[in-house]
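Okay, structure first, notes after.
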Amino acid sequence: MWNMCHPKTDEDLKECSELGKSLSRLSQPTILTLLAQSGEPMHGYVLVQQAANSPMFGGKKPDATGIYRSLKRMEESGLVTSEWNTPEQGAARRMFTLTEKGLLCLRRWIDALACYELTIEELRGQAACALGIDLPPTPECAHK
């Protein structure tokens, strides 16, 4: 069984279908963080490319459809806005911008992620206890 945060292959991930990248809701703080870091509007394609290098996706390109779906929900919630950039040459691109509400949401995510971390560590301890083993050390993550 793999013991790192990011499985190296799809076979590693299939070993337990619930491991790995099943935390799809965490694409929201990833997108909000990328937009906040940029400080300027970003095209969805660029967000997908940069998300691949985020801790959530660990070098694997996320499903672009899922990212665009998240962006649409985030726009409907007022966390981001979008407008079309139509250059004289080349394709039109939808550019996404973080709103004030999106910044506040990202701040709330900082606290929520800390709570998730504590909850997950407690669950790790309970799972190890249920198996009658010592709690394995936290693995070194490939993205660090």
How long is the span from the [atom1] atom in [X] to the [atom2] atom in [Y], to the nearest 0.5 Å?
{"X": "Asp134", "Y": "Cys129", "atom1": "CG", "atom2": "SG", "result": "10.5 Å"}
{"X": "Met74", "Y": "Phe96", "atom1": "CE", "atom2": "CZ", "result": "9.5 Å"}
{"X": "Gln50", "Y": "His43", "atom1": "CD", "atom2": "NE2", "result": "12.5 Å"}
{"X": "Leu103", "Y": "Arg108", "atom1": "CG", "atom2": "CZ", "result": "11.0 Å"}

Under the side-chain hydrogen bond (donor to acceptor under 3.5 Å, both in side chains) criterion, do Thr99 and Thr81 qualify, and how do the steps go?
-> CA-CA 7 Å; Thr99 65; Thr81 59; over 6 Å; no
Is the side chain of [X] donor-acceptor paired with the backbone N or O of [Y] at a distance under 3.5 Å, no angle test?
{"X": "Lys61", "Y": "Asn53", "value": "no"}
{"X": "Ser38", "Y": "Leu34", "value": "no"}
{"X": "Ser54", "Y": "Ala51", "value": "yes"}
{"X": "Tyr45", "Y": "Ala64", "value": "no"}
{"X": "Thr86", "Y": "Ala92", "value": "no"}
{"X": "Glu83", "Y": "Arg94", "value": "no"}

Minimum-distance pair of heavy atoms, taken over all atoms of [X] and [Y]:
{"X": "Ile67", "Y": "Ser27", "value": "CD1-CB, 4.3 Å"}
{"X": "Leu135", "Y": "Ala128", "value": "CA-CB, 3.8 Å"}
{"X": "Ser70", "Y": "Ile31", "value": "CB-CD1, 3.8 Å"}

Worked verdict on Gln28 versus Cys105 for side chain to side chain contact (heavy atoms under 4.5 Å, CB included) = CA-CA 10 Å; Gln28 186 185 85; Cys105 181; 3.6 Å; yes
Checking side chain to side chain contact (heavy atoms under 4.5 Å, CB included) for the pair Leu71/Leu47: CA distance, chi angles, key distance, verdict?
-> CA-CA 10 Å; Leu71 283 164; Leu47 284 165; 3.9 Å; yes
Given side chains that start at C-beta, do those of Leu98 and Leu32 come closer than 4.5 Å, heavy atoms only?
->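 Yes. Closest side-chain heavy atoms under 4.5 Å.
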Indicate yes or no: at least one non-hydrogen side-chain atom of Glu122 is less than 4.5 angstrom from one of Thr119.
->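 Sidechains of Thr119 and Glu122: no contact.
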If you count the non-hydrogen atoms of other residues, nucleotides and ligands that lie under 6.0 Å from CG in Asp111, is the total more than 12?
->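 Yes - once you tally the heavy atoms of other residues, nucleotides and ligands closer than 6.0 Å, there are more than 12.
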Under 4.5 Å between side-chain heavy atoms, hopping through other hydrophobics if needed: is there a path connecting Leu104 to Leu35?
->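 As far as the 4.5 Å side-chain criterion goes, Leu35 and Leu104 are not connected within one cluster.
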Verify the cluster assignment for Leu79 and Tyr68: are they in a single hydrophobic cluster under the rule of side-chain heavy atoms below 4.5 Å apart?
->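 They do share one cluster, since a chain of ILVMFWY contacts under 4.5 Å joins Leu79 to Tyr68.
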Apply the test side chain to side chain contact (heavy atoms under 4.5 Å, CB included) to residues Leu26 and Trp109: give CA-CA distance (whole Å), side-chain angles for both, the deciding distance (0.1 Å), then the verdict.
-> CA-CA 9 Å; Leu26 294 183; Trp109 266 112; 3.6 Å; yes
Between Arg73 and Glu76, does at least one N-O distance fall below 4.0 Å, as a salt bridge requires?
->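 No, Arg73 and Glu76 are not salt-bridged.
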Under the salt bridge (Lys or Arg N to Asp or Glu O under 4.0 Å) rule, what do Glu75 and Lys72 come out as? Steps first, then yes or no, please.
-> CA-CA 5 Å; Glu75 185 169 22; Lys72 181 177 180 177; over 6 Å; no
Start with the C-alpha gap between Met95 and Trp84, add the side-chain angles, then the distance that decides, and say whether side chain to side chain contact (heavy atoms under 4.5 Å, CB included) holds.
-> CA-CA 6 Å; Met95 305 297 285; Trp84 286 100; over 6 Å; no
